[in-house]
Protein chains: 2
Amino acid sequence: MSASASEKKDSTTEEKIKTAAKTVFYKKGFAATRTRDIAEEAGLNLALLNYYFRSKAKLFEIIMAETFSGFIGSMKVILDDEKTSLEQKVITIAERYIDFISIEPEIPTFILTEIRNNPEELLKKLPIKEIVNDSVFIKQFQEAVQNKEITEPNPLHFLMNLLGLVVFPFIVKPIIMGSRNLETEQFDALMQERKKKIPIWINMMFKA
Amino acid sequence: MSASASEKKDSTTEEKIKTAAKTVFYKKGFAATRTRDIAEEAGLNLALLNYYFRSKAKLFEIIMAETFSGFIGSMKVILDDEKTSLEQKVITIAERYIDFISIEPEIPTFILTEIRNNPEELLKKLPIKEIVNDSVFIKQFQEAVQNKEITEPNPLHFLMNLLGLVVFPFIVKPIIMGSRNLETEQFDALMQERKKKIPIWINMMFKA
DNA sequence: AAAATTTTTAATCATTTGATTAAAAATTTT
DNA sequence: AAAATTTTTAATCAAATGATTAAAAATTTT
């Protein structure tokens, strides 16, 4: 029973390759994966990768773009919601991202290591500055600061702390599990706990 | 003006190789570095790597071992100090680790990606379970829980939050800097701020 | 069902890359 | 300073790896 997340319509070979590429790239990163690994994971002839995607780099680009847009797209939606309060946004981010990452736990480390290896190229495709700076979230944050509801004036600290509390455990998951003999279910339970706790912690940290 | 941290006694060729290997391995990881990259960084003939260290893997092992022991050795000392309170330990960890990582900012991502690529092999060399479970810190934490000074009973949440607040910003540094046009000095200033703030945040989160 | 097109396969290529070797250069020992 | 030892170099090797090719197989179109 291997099979990672995306296990839906692997009908076409093109989709089989993409699914396999995701699995292997997520686990080992671009540099450490061999095109033969992907072909084997997909159960397909090696030449098909080049037939459908031209090159390893092109295939990687596609996986990367989809991963990015999945990851920050949902963030943008949450941060830009006019109808939710700042507090509700924190709740939603904790809830949704823990669910999202739990399904594909390798994604955070994958994104971070690939950005490390190629920051200029990858970051220019990510309009993070705009997403954050032009967001409803930032407006609400600045209002809360002005109304003295929040003690910390720098939204960067706020976001780093929030995302750190959500994402960091997934990044150190191998260390935690190896060092405390946790099973996957126990780790997942721990993260479910954090869904509730993170918004409370954030409130305690920042609420005046 | 290249030159990363360890730039002291590069007198012998052996040390030159190790310094260069650190620089390249930290930046690109094991899989993405070529032995030729290291030789070039060191300004030495490629064959010298094999002459002094037998193989790329052996050289990597040495760098890895030194990096690990530097990273968790200092942690052990702090966690095992009988003379400091829990609160003081938090202050010391924030202070020392931010200083430590600021000097060699690639280390956290390096450690995490290499553990991802080879968890069994690398983690069995790291007695993290023992360091944490048998520490004075754990004793103090459990006492504080019993005395109702701390609301959160699970030391894992406490440690993850503390280390997340310290380490996570370094891991996402490329994203932060790329997305907000920060300069290195500004990022460093941000981390200096966090030295003071993290202990306060931790108190707010966990103190009854 | 014949022809045309698309997909898949096995074999092979060219480059990259970790490693070795034998000779040259430098250093140390006698 | 001659001999022995250690260190460095240029050349080369062998295996790994991304990619291509030409033929075979499968599918679609006519």
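In what follows, chains carry the letters A, B, and so on, assigned in the order in which the sequence lines appear, proteins first and then strands, with residues in each chain numbered from 1. Quick caveat, the model's predicted, so the values are computed rather than measured.
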Item to check | Summary of protein contacts for nucleotides 16-22 of chain D, nucleotide by nucleotide, where a base hit scores B, a sugar-phosphate-only hit scores S (4.0 Å, heavy atoms) | outcome: -BBBBB-
Checklist entry - Taking protein heavy atoms under 4.0 Å as touching, what does nucleotides 23-29 of chain D look like 5' to 3' if B marks base contact, S marks sugar-phosphate-only contact and - marks none? => result -------
I'd like to know if the side chain of [X] and the backbone of [Y] have a donor-acceptor N/O pair within less than 3.5 Å.
X: A/Y97; Y: A/F71; value: yes
X: A/Q142; Y: A/K139; value: no
X: A/Q88; Y: A/S85; value: yes
X: B/E66; Y: B/I63; value: no

Mind calculating the distance between [atom1] ([X]) and [atom2] ([N]) to the nearest angstrom?
X: B/D37; N: C/dT16; atom1: CG; atom2: P; result: 13 Å
X: A/L48; N: C/dT6; atom1: CG; atom2: C1'; result: 12 Å
X: B/E14; N: D/dT8; atom1: CD; atom2: P; result: 10 Å

Checklist entry - Does the side chain of A/T13 get closer than 4.0 angstrom to OP1 or OP2 of C/dT8 through an N or O atom? => result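 Yes, within the criterion.
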Next on the checklist: Any base atoms under 4.0 Å from A/F53, or only sugar-phosphate, or nothing? Heavy atoms, all strands.
Outcome noted: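 Contact class for A/F53: none.
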Next on the checklist: I need the single residue from A/K195, A/R194, A/K196 that forms a side chain to side chain donor-acceptor pair (under 3.5 Å) with A/Q192. Which is it?
Outcome noted: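 The option that passes is A/K195.
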Item to check | Pairing annotation in dot-bracket form, given for DNA chain C with Watson-Crick or G-U pairs under 3.5 Å and | for cross-strand partners | outcome: ||||||||||||||||||||||||||||||
Quiz question: by atom type and distance under 3.5 Å, do the side chains of [X] and [Y] form a donor-acceptor pair?
X: B/Y26; Y: B/T109; value: no
X: B/S11; Y: B/E15; value: yes
X: B/K89; Y: B/Q140; value: yes

Next on the checklist: One thing to verify: whether A/E106 and B/R116 come together as a salt bridge, which I'm taking to mean a side-chain N less than 4.0 angstrom from a carboxylate O.
Outcome noted: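 No.
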Checklist entry - If you draw the axis of the six-membered ring of B/F30, does the NZ or CZ of B/K56 fall within 45° of it and under 6.0 Å from the ring centre? => result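 Yes, a cation-pi geometry holds between B/K56 and B/F30.
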Item to check | Gap separating the CG atom of B/N118 from the CG atom of B/L123, nearest 0.5 angstrom | outcome: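 So the CG of B/N118 and the CG of B/L123 are separated by 9.0 Å.
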